[in-house]
Amino acid sequence: EKKLNKIIIISSPSGAGKTTICKNLLKKIRNLNLSISYTTRQRRINEKNGKDYFFVTNKEFINLKKKNFFIETAKVFNHYYGSPYQNVKNSFKQNKSILFDIDWQGAKKLRKKYSKNDIIDFFILPPNKKELRKRLNKRGRDNKKEIQIRLSLALSEISHHKDYKYVIINDKLNETISNIENIIKYNQLKDDLLNKVKKNLISKK
């Protein structure tokens, strides 16, 4: 049975462009679903419930967590985020890969729950510190103090890039996206070939 579905993890510090990268990958790769997280933070103006996140109260989130609903949860800037198991189950049932836009802590938990062969993980780096600061400023959502907090947080997050199989510097967005796309295709082809070889060996016994 050819099983080419993968758990694809994209992590990056705040401001390195992972949300934009994920949106583009979903457009380009046909058999790919996004794992939509649950969160307790307020919905932003342009966000839709069930499309960007599932927005829940603290109480609802804690209840779900108790029921072992989430693969991983994280607390970021005083808000909870969690990825439900159901997302992976549904995608694999449809024979699709699933994309996770999560931080290094979430990635670490996913690696514990699923086999290494099921996961393709990427860490996206900004070209340099100056560019990172510029991107955080450009987002315009945060005040100076928050930008400073995000910047120091981003720099400590960067130290976790060594846990990832693929580290990509997001200098030119289109190049970054096509590099990720090619790596995913390469991994799927490799698996496909291995499956064929195994099948041939079994049939020859």
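All residue numbers refer to positions in the sequence shown, counting from 1.
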Quick check: is V167 connected to F122 through a chain of hydrophobic side chains (ILVMFWY, heavy atoms under 4.5 Å apart)?
no
In terms of heavy-atom contacts, L25 and L32 come closest through O-CD2, 4.0 Å
What pairs meet the ring-ring contact (aromatic ring centres under 6.0 Å, His included) rule with one or both residues in residues 168-194, with sequence neighbours excluded?
none
How long is the straight-line distance from CG of N117 back to CD1 of I7, given to the nearest 0.5 Å?
11.0 Å
Looking at K130, I want to see if its NZ is surrounded by more than 12 non-hydrogen atoms of other residues, nucleotides or ligands under 6.0 Å.
no
Determine whether K113 and L110 make a side-chain contact, defined as any pair of heavy atoms from C-beta on separated by less than 4.5 Å.
no
With a 6.0 Å cut-off (strictly less than), is the heavy-atom count around NZ of K23, excluding the residue itself, greater than 12?
no
Sequence neighbours excluded, which residues qualify as salt bridge (charged side-chain N to carboxylate O under 4.0 Å, His left out) partners of K18?
D101
How would you list all residue pairs meeting salt bridge (Lys or Arg N to Asp or Glu O under 4.0 Å) that involve residues 172-189, not counting sequence neighbours?
E181-K185
Indicate, with yes or no, if F55 and L64 share a hydrophobic cluster defined by side-chain heavy-atom contacts under 4.5 Å among Ile, Leu, Val, Met, Phe, Trp and Tyr.
no
Scan for salt bridge (Lys or Arg N to Asp or Glu O under 4.0 Å) pairs involving residues 74-92, sequence neighbours excluded, and state none if there are none.
none
For the CG atom of N63 and the CG atom of N58, what is their distance to the nearest 0.5 Å?
11.0 Å
Are I124 and L99 in one and the same hydrophobic cluster, where Ile, Leu, Val, Met, Phe, Trp and Tyr link if side-chain heavy atoms are under 4.5 Å apart?
yes
Check the surroundings of atom CG in N78: do more than 12 heavy atoms from other residues, nucleotides or ligands lie under 6.0 Å from it?
no
Hydrophobic cluster membership, Y164 vs I169, 4.5 Å side-chain cutoff
yes
Pairing residues for Y80 by the ring-ring contact (aromatic ring centres under 6.0 Å, His included) criterion, not counting sequence neighbours:
F61
Does the distance from a Lys or Arg side-chain N to an Asp or Glu carboxylate O, for D121 and R111, drop under 4.0 Å?
yes
Work out which heavy atom in Y53 is nearest to a heavy atom in N49; give both atom names and the distance.
O-OD1, 3.3 Å
Residue pairs meeting ring-ring contact (aromatic ring centres under 6.0 Å, His included), one or both in residues 20-41, sequence neighbours left out, come to Y38-F54, Y38-F69, Y38-F70
Shared ILVMFWY cluster between I9 and L34, side chains joined below 4.5 angstrom?
no
Side chains of N187 and K165 in contact at under 4.5 Å (non-hydrogen atoms):
yes
